[in-house]
Every structure is written in C-alpha cells, then in structure tokens.
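For this chain, numbers begin at 1 and follow the sequence in order. Everything numeric here is computed off the predicted structure, so don't read it as measured data.
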Amino acid sequence: MVDTLGVAVVGFGWMGRVHTQAYARVAHHYPLLPLRPELVAVAEEVPGRAEEAAAQFGFASTTRDWREVAADPRVKAVSVTAPNFLHREIGVAMAEAGKHLWIEKPVGLTAADARAVADAVARAGVQGAVGFNYRNAPAVEAARDLIAAGEIGTVTHARIRLFSDYAAHPEAALTWRYERERGGSGVLGDLASHGADLARFLLGDIVSLAADTAVFLPERARPAGATAGHSRAAGGELGPVENEDYVGCLLRFASGARGVLEACRVSVGEQNNYGFEVHGTRGAVSWDFRRMNELAVSRGTTYQDQPVSTVYVGPGHGEFAAFQPGAANAMGYDDLKVIEAYRFLRSIAEGTPYGAVLADAVRSAAVLDAMSRSAESGAWIAVDAPA
C-alpha cells in the first residue's frame, strides 16, 4: 500500500530546486517507500519564480506568501529553503500548523533560533529533518563505522576543512548572505555548520573550542534586482560585508580527542574542497568530497611508514545500493539530497526519526555560537549542552 503525501517547498532558489528534484527522484531509488511525495505548492517571493518552478516541476499551486502554505490542508510536509533569517519564523509556523518539516541548515541565525524550531517540532509531534547532506555520503558513514569499530585505534586528532571560492570574486553581489541581520554569521552558518555536524557525527560531542575569524573582502556591490545563488553585481553601490569570510577553530572533544575545523568562502583555487582526516593510535581515515565515493585508510600494526589504501565504497555502505550496483560507480551531490528526502519521508511513514534531525541542528548551532563568542573574546569557550 502506497500513500500520497502532499509536500510544499518554501523558497525556490538553488536549494529549493535541489529539494524538489529529490522529491521527484525518491520513488525511483526507493520503490518500497510507502509514501509518494506529491508536489502541491511552491512559495517564493521573487515575482515569476514560483510560476517557473510550477511549469518545470508540476507544482499544483504557487504563492508569494509562505503563510498560505501553512494554511493549506493539502500540504502535509514542507521543505524550508528560504534565507537563514526566515528559518525560525517559517519553521515554527509550519510545525504549529502540523506540517512535517525538512529545513535547511543552519536553522536560523543562532542556537536559540534552532532550539525554537526544534521545540515547535517536538510540541507538534511532527517529524523534523535538517539539511546536513554531507553526512549522508556512504563513504562518510563507512568512515564513522570504521572509527566506531576501533579499526584505527583510539582517535587522537582530526582535521575538518571546508574551502570554497564561491565568494572569492570581488564582484560577488552583496546579498543577504553577507548581512548580519538576514544572514547571521557568514561562513560559520554556511560551511562551518556542516563541519560542526561532521565532527560530531564522526567523533562525538565537542566540549570546548577556540576560534578566530576574518573578513578578507570587506565591501561588495549591492545587486540591482533579485538574485539567485552567488550572483555578481559589478558597478553597484558598495556596502559593507558584515560577517566572516573565514574561520579557524581548535576543538576539544568529550572523548579527549583534539581537532581543527577550518572554513573559508573566499579561497581562490579551491572548488568545494570539503573533507576530513581522522587519526588514531593505530591508523587513520580521510575523505575528500571531490572524490566522494572513496576513503583513504591506514590500519595495521606497522605504525611508522604504515601504508595508506584507497577503499571504494559499494552496496554494503550506507545507502549506496539504492543508486549503484557495484563499488567505484560514482554518486553525486544531488544523490545525497535524495537520501535525505528518503530518510525524511521514512521518518514520517514510520513515526521514527532517521538521519539528521533538529537536535543535530541545535548542537551544531551551539558550536557556531561558541565559535562567535571565542572569536570576539580571544578565549577558549565551553560549548553549551543542548537544553
């Protein structure tokens, strides 16, 4: 028996498109899933953009006001892919309206925002998923299993990196992403939020940290009209960049392990250089998003001069079997969002959370808040335990 579930997407920039495509593909990869998403409504305030989405993807209705989605009885689940400053208001309203919620990270501007959405989801008794997509990579899940099994010994230290050049061009438009009021933090909320989640996912809770941040391109041109993605705005009126381009952070884990998390949005020469290296007393494991389906693994009893092997993930790792029949066949970024959609819909069908949930967003946001406080004070900061 397969039931239809009415879904809506609020905010139709690039990420709204990615969510929509994931809904469209999920039944192809997970034919036994007892729910089939039906694209009921799309909300986008930019004139014409919702209508374009409906024409391309088949949404039954469009609106420029997300409140109409909250009031629509046809809608049972909502993807929130709007800008960060809207996450709290929209997320809370959708949960209070009884809608299951798939919301993009970082879930607001602060840990208080993420907690407000998490609390609303808990009160409403609905399911809540968060867009920490990199943890869905089968290789990342394989690395976590390898670490948990003790195959590299006791973890001693780790490095998590997220370097990108999407904001490196000096003509990149001064969008909401660079404003404190609407974007909150800069690279902290955008990239380091993924890093904080990966660190916790692999190694457990972070208890304290020391961070440094910097703005390397202090002014950008204001765009003349609506933007999508990372547009340019040459010749426009210049305005200040209000949040950080870069963060470097030392981490202490509850396990006693140490870590370094570094993220930058203006790294010339780096295109989505995301990954990690985890070292233990008997070995190491590393992953590079640009070689998403591989792990570099060192294990054994040689210690000094111990070799490193390339391991290709396959059908026995994570959700790989839903996409490819054998090891070393490639998966891509959009596949990670299909996995996310599947786990969200499975959570709704079974009433049990799967994948990244709002509690993970709260914990990640608490790490980001601690980074901000540390960068301001120059001191080591304890990471607040989730309420």
Side-chain angles (χ1 to χ4, degrees), residues 105-106 130-148 152 154-166 185-214 244-267 270-280 283-298 308 313 318 333 336 356 360-372 374-375 380-381 383:
K105 57 81 197 168
V130 180
F132 289 130
N133 38 262
Y134 298 110
R135 64 154 64 187
N136 297 326
V140 173
E141 295 189 304
R144 186 193 196 203
D145 291 344
L146 182 151
I147 293 165
I152 63 169
T154 301
V155 172
T156 53
H157 60 100
R159 175 174 176 256
I160 300 98
R161 70 186 186 282
L162 298 108
F163 297 143
S164 185
D165 63 355
Y166 68 78
S185 59
V187 78
L188 284 180
D190 191 17
L191 295 180
S193 58
H194 282 299
D197 182 67
L198 282 173
R200 284 191 54 257
F201 184 71
L202 293 167
L203 304 175
D205 284 335
I206 298 164
V207 294
S208 62
L209 56 81
D212 184 34
T213 61
E244 73 287 337
D245 291 325
Y246 167 87
V247 61
C249 187
L250 300 176
L251 307 172
R252 291 175 179 166
F253 293 88
S255 67
R258 299 300 195 260
V260 175
L261 191 161
E262 198 175 13
C264 186
R265 64 189 180 187
V266 297
S267 297
E270 300 285 8
Q271 296 85 42
N272 296 333
N273 181 359
Y274 308 154
F276 56 77
E277 299 92 38
V278 179
H279 295 268
V285 59
S286 63
W287 176 74
D288 188 326
F289 170 66
R290 297 165 301 178
R291 304 176 71 91
M292 195 177 82
N293 305 293
E294 303 176 16
L295 288 176
V297 181
S298 177
V308 178
V313 295
Y333 174 88
L336 303 183
D360 296 304
V362 173
R363 290 183 174 91
S364 174
V367 172
L368 302 185
D369 280 5
M371 287 183 187
S372 293
S374 177
W380 278 86
I381 299 291
V383 177

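- I206 CD1 to C249 SG: the interatomic distance, rounded to the nearest 0.5 Å, is 7.5 Å.
- The two residues T213 and A375 make their nearest non-hydrogen contact at OG1-CB, 3.7 Å.
- Taking 4.5 Å as the limit, every side-chain heavy atom of R290 sits out of range of all side-chain heavy atoms of Y274.
- Within the 4.5 Å cutoff, no side-chain heavy atoms of D165 are placed close to those of V266.
- How far CG of D212 is from CG of L250: 10.0 Å, rounded to the nearest 0.5 Å.
- Of the inter-residue distances, the one linking I152 atom CD1 with I147 atom CD1 reads 5.0 Å to the nearest 0.5 angstrom.
- Here the side chains of F201 and E141 are in contact, with some heavy-atom distance below 4.5 Å.
- Between N133 and H194 there is a side-chain heavy-atom pair separated by less than 4.5 Å.
- Remark: side-chain polar atoms of R291 are not paired, donor with acceptor, to backbone N or O of F289 under 3.5 angstrom.
- Closest non-hydrogen pair, A370 versus V383, comes out as CB-CG2, 4.1 Å.
- Rounded to the nearest 0.5 angstrom, D288 CG and N272 CG are separated by 10.0 Å.
- Distance check: L188 CG to Y246 OH gives 11.5 Å after rounding to the nearest 0.5 Å.
- Considering all non-hydrogen atoms of both residues, L368 and G189 come closest at CD1-CA, 4.0 Å.
- Looking at D190 and K105, a side-chain N of the basic residue comes within less than 4.0 Å of a carboxylate O on the acidic one, giving a salt bridge.
- Taking all atoms of both residues into account, the shortest heavy-atom contact from G195 to L261 is C-CD1, 3.4 Å.
- Side-chain contact check for D360 versus V130: every heavy-atom pair is 4.5 Å or farther apart.
- Heavy-atom minimum distance, A139 versus E294: CB-O, 4.0 Å.
- R159 is listed as a side-chain neighbour of E262, based on a closest heavy-atom distance under 4.5 Å.
- Separation of atoms CG (L203) and CZ (F276) is listed at 8.5 Å; rounding is to 0.5 Å.
- For the pair R161 and E277, the salt-bridge criterion is met [side-chain N within less than 4.0 Å of a carboxylate O].
- A donor-acceptor contact shorter than 3.5 Å is absent between the side chain of S364 and the backbone of A196.
- Annotation: side chain of S164 is in contact with side chain of L191 (closest heavy-atom distance under 4.5 Å).
- In this structure, G186 and E244 approach most closely via the heavy-atom pair N-OE2, 2.7 Å.
- Looking at S298, its side chain never comes within 3.5 Å of a backbone N or O of A284 through a donor-acceptor pair.
- Under the 4.5 Å side-chain criterion, counting only non-hydrogen atoms from C-beta, V187 is not in contact with D245.
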